[in-house]
Protein chains: 2
Amino acid sequence: MPKTGMEPLRRRALIDATISAIGERGALDVTMSQIAGRAGVSSALAHHYFGAKEELLQATMRHLLLELGADLKSALHQANTPRDRVSTVIAVNFSTHQFRAETVAAWLAFYVEAQKSPSMRRLFIVYARRLHSNLMSGLSALLPRADALAAAETIAAMIDGFYIRRALKDGPSDAVSAARLVENYVELRLAR
Amino acid sequence: MPKTGMEPLRRRALIDATISAIGERGALDVTMSQIAGRAGVSSALAHHYFGAKEELLQATMRHLLLELGADLKSALHQANTPRDRVSTVIAVNFSTHQFRAETVAAWLAFYVEAQKSPSMRRLFIVYARRLHSNLMSGLSALLPRADALAAAETIAAMIDGFYIRRALKDGPSDAVSAARLVENYVELRLAR
DNA sequence: TTTTCTTGATTGACGAGTCAATCAAGAATA
DNA sequence: TATTCTTGATTGACTCGTCAATCAAGAAAA
């Protein structure tokens, strides 16, 4: 155990434990003790750092969002053409890092939580907006505005759809074929 | 209150109450008392008829599945061409009856529950299989086998995707534009 | 020592499930 | 007809377990 600044380490460990607990369980009904146990600490400590369960869950979701954002940003950095940008957005969403069963199950669970929690919902809206604008940044150069908007909606729905199907281990649960199907739509769309 | 055969009436009332409670709440954390209260009875009676909460939830989901199946069956009855069959499947999934906010929220909540409950998951697999075979019954006459399979997977994912986005009141939450976007994909796909 | 960490034990709320008791009404009996 | 049975429907009150949150106090570091 290093001495200085336990706080960031503990917070991170608790967030990771939250993701894996939710991912394994498939729902948010994990207890603070279970999460804390996975992180190797007591439930009291989790409360010490996060105050309430709700806050821990929000922090976890923010972390997921941040990770996705970072992956996306670095990947888009080397995408030059509009067409590349579209493919990059798709590829990142189905990258092995983002499409882990654990992560996907957590997303789904948070989706449900967002129904009740306004602040959780706000986070999802941020995510949806960013996805939309990233897609549009490529599509609007390739299609008339109305078509680009429709395509962005469709691609976003497909991504969510494949995520949910993955969570149930139904359909093409592997990232590669899911990504290929989305790409296929893009091709059809651009082929006029 | 007629005395004869309260059972079917109560069971139905409790199932309806479950759907509306879950729909309003957006999650499965509704209590037996809340559900029973909505149905105008005591929680003890709900237990009397269904035994445990899990059973009530399963019965509710079975009811939803049955309704969807019935809608689909009657609609497919007057779909003659393969192309019609595809459109009918899409139309029914986005019909005002199936795409009610209440129903959609319930679906999403059950999706999550299926992660934990094997019997719940089995029900979803039934649903997925039926959707798939209904889509294939039209598509396989219109496309080479491999393409038809890909299209069916894609359409299924799009439907799920629009459902989830509707639950969050994000994207095109109205059934009409969602259905149009799916139809649009079908058109692109068939236009070779 | 003073401050930062960390925990075991405890509390208070809440919810599922159980149970004994009531109610209403039709059937059987006198 | 009047008077017991019988039975399904229904409930309020209770038990039992679970879990988030708190707290007082001990260990470790500064």
Side-chain angles (χ1 to χ4, degrees), chain A residues 1-22 24-61 106 109-110 112-113 115-120, chain B residues 1-22 24-61 109-110 112-113 115-117 119-120:
Chain A
M1 297 273 183
K3 34 223 148 170
T4 42
M6 276 291 105
E7 178 154 354
L9 294 181
R10 294 302 190 202
R11 289 182 75 97
R12 180 55 196 269
L14 283 165
I15 286 176
D16 287 346
T18 304
I19 294 173
S20 90
I22 292 177
E24 188 170 299
R25 192 88 179 179
L28 290 186
D29 64 356
V30 290
T31 71
M32 288 296 269
S33 302
Q34 288 168 341
I35 294 171
R38 266 170 198 267
V41 298
S42 74
S43 73
L45 192 66
H47 275 101
H48 172 67
Y49 283 125
F50 288 94
K53 188 182 183 183
E54 169 92 9
E55 274 180 69
L56 171 56
L57 295 179
Q58 278 180 35
T60 301
M61 184 164 157
F110 281 125
V112 170
E113 181 69 9
Q115 301 274 319
K116 292 180 289 185
S117 160
S119 50
M120 211 66 104
Chain B
M1 298 272 183
K3 170 191 167 161
T4 41
M6 277 289 102
E7 179 155 353
L9 294 181
R10 292 305 187 207
R11 289 183 74 97
R12 180 56 196 270
L14 284 165
I15 286 175
D16 287 347
T18 303
I19 295 172
S20 89
I22 291 177
E24 189 169 299
R25 192 89 178 174
L28 291 186
D29 65 356
V30 289
T31 72
M32 288 295 268
S33 303
Q34 288 169 341
I35 293 171
R38 263 170 201 267
V41 298
S42 72
S43 73
L45 192 66
H47 277 101
H48 173 66
Y49 283 125
F50 287 95
K53 187 182 183 183
E54 168 95 9
E55 274 180 68
L56 172 55
L57 295 180
Q58 277 180 36
T60 301
M61 186 166 156
F110 282 126
V112 170
E113 181 67 10
Q115 301 274 320
K116 291 181 289 186
S117 161
S119 50
M120 211 67 102

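All values below were derived from every heavy atom in this structure, side-chain atoms included, with hydrogens, water molecules and symmetry-related copies excluded. In what follows, every chain begins at residue 1, and chains take the letters A, B, ... in the order their sequences are listed.
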Let me know the distance between [atom1] of [X] and [atom2] of [N], rounded to the nearest Å.
{"X": "A:Leu45", "N": "C:dT6", "atom1": "CG", "atom2": "P", "answer": "5 Å"}
{"X": "B:Glu55", "N": "C:dA16", "atom1": "CD", "atom2": "C1'", "answer": "13 Å"}
{"X": "B:His48", "N": "D:dT7", "atom1": "NE2", "atom2": "C1'", "answer": "11 Å"}

Contacts of B:Asp29 that satisfy salt bridge (Lys or Arg N to Asp or Glu O under 4.0 Å) - sequence neighbours left out
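A:Lys116, B:Arg25.
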Strictly by salt bridge (charged side-chain N to carboxylate O under 4.0 Å, His left out), give each pair with a member in residues 52-61 of chain B just once, sequence neighbours left out.
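Output for this query is empty, none listed.
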Can you give me the closest heavy-atom contact between A:Ile22 and A:Ala106, atom names plus distance?
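Taking A:Ile22 first and A:Ala106 second, the nearest heavy atoms are CG2-CA, 3.7 Å.
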Can you give one letter per nucleotide of nucleotides 18-26 of chain D, 5' to 3': B if a protein heavy atom sits under 4.0 Å from the base, S if only from the sugar-phosphate, - if neither?
-SSBBB---
Table please: side-chain donor-acceptor pairs of residues 37-47 of chain A below 3.5 Å, with sequence neighbours left out.
| residue | atom | partner | partner atom | Å |
| --- | --- | --- | --- | --- |
| A:Arg38 | NH1 | A:Ser20 | OG | 2.9 |
| A:Arg38 | NH2 | A:Glu24 | OE1 | 3.1 |
| A:Arg38 | NH2 | A:Glu24 | OE2 | 3.0 |
| A:Ser42 | OG | A:Ala44 | N | 3.4 |
| A:Ser42 | OG | A:Leu45 | N | 3.3 |
| A:His47 | ND1 | A:Ser43 | O | 3.3 |

If the condition is side-chain hydrogen bond (donor to acceptor under 3.5 Å, both in side chains), which residues does B:Ser33 pass it with, not counting sequence neighbours?
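Expected list: none.
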Only counting residues at least two apart or in another chain, list the ones meeting side-chain hydrogen bond (donor to acceptor under 3.5 Å, both in side chains) with A:Thr31.
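Partners of A:Thr31 under the side-chain hydrogen bond (donor to acceptor under 3.5 Å, both in side chains) test: none.
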Using a heavy-atom cut-off of under 4.0 Å over every strand shown, decide if B:Phe50 touches base, sugar-phosphate, or nothing.
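B:Phe50: no heavy atom of the nucleic acid under 4.0 Å.
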Work out how much the helix from C:dT1-D:dA30 to C:dA30-D:dT1 bends between its end axes, five pairs an end, to the nearest 10 degrees.
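End axes: 20° apart.
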Give the residues of residues 11-21 of chain A touching DNA chain C, defined as any heavy atom closer than 4.0 Å, sorted by residue number.
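DNA chain C contact set from residues 11-21 of chain A: none.
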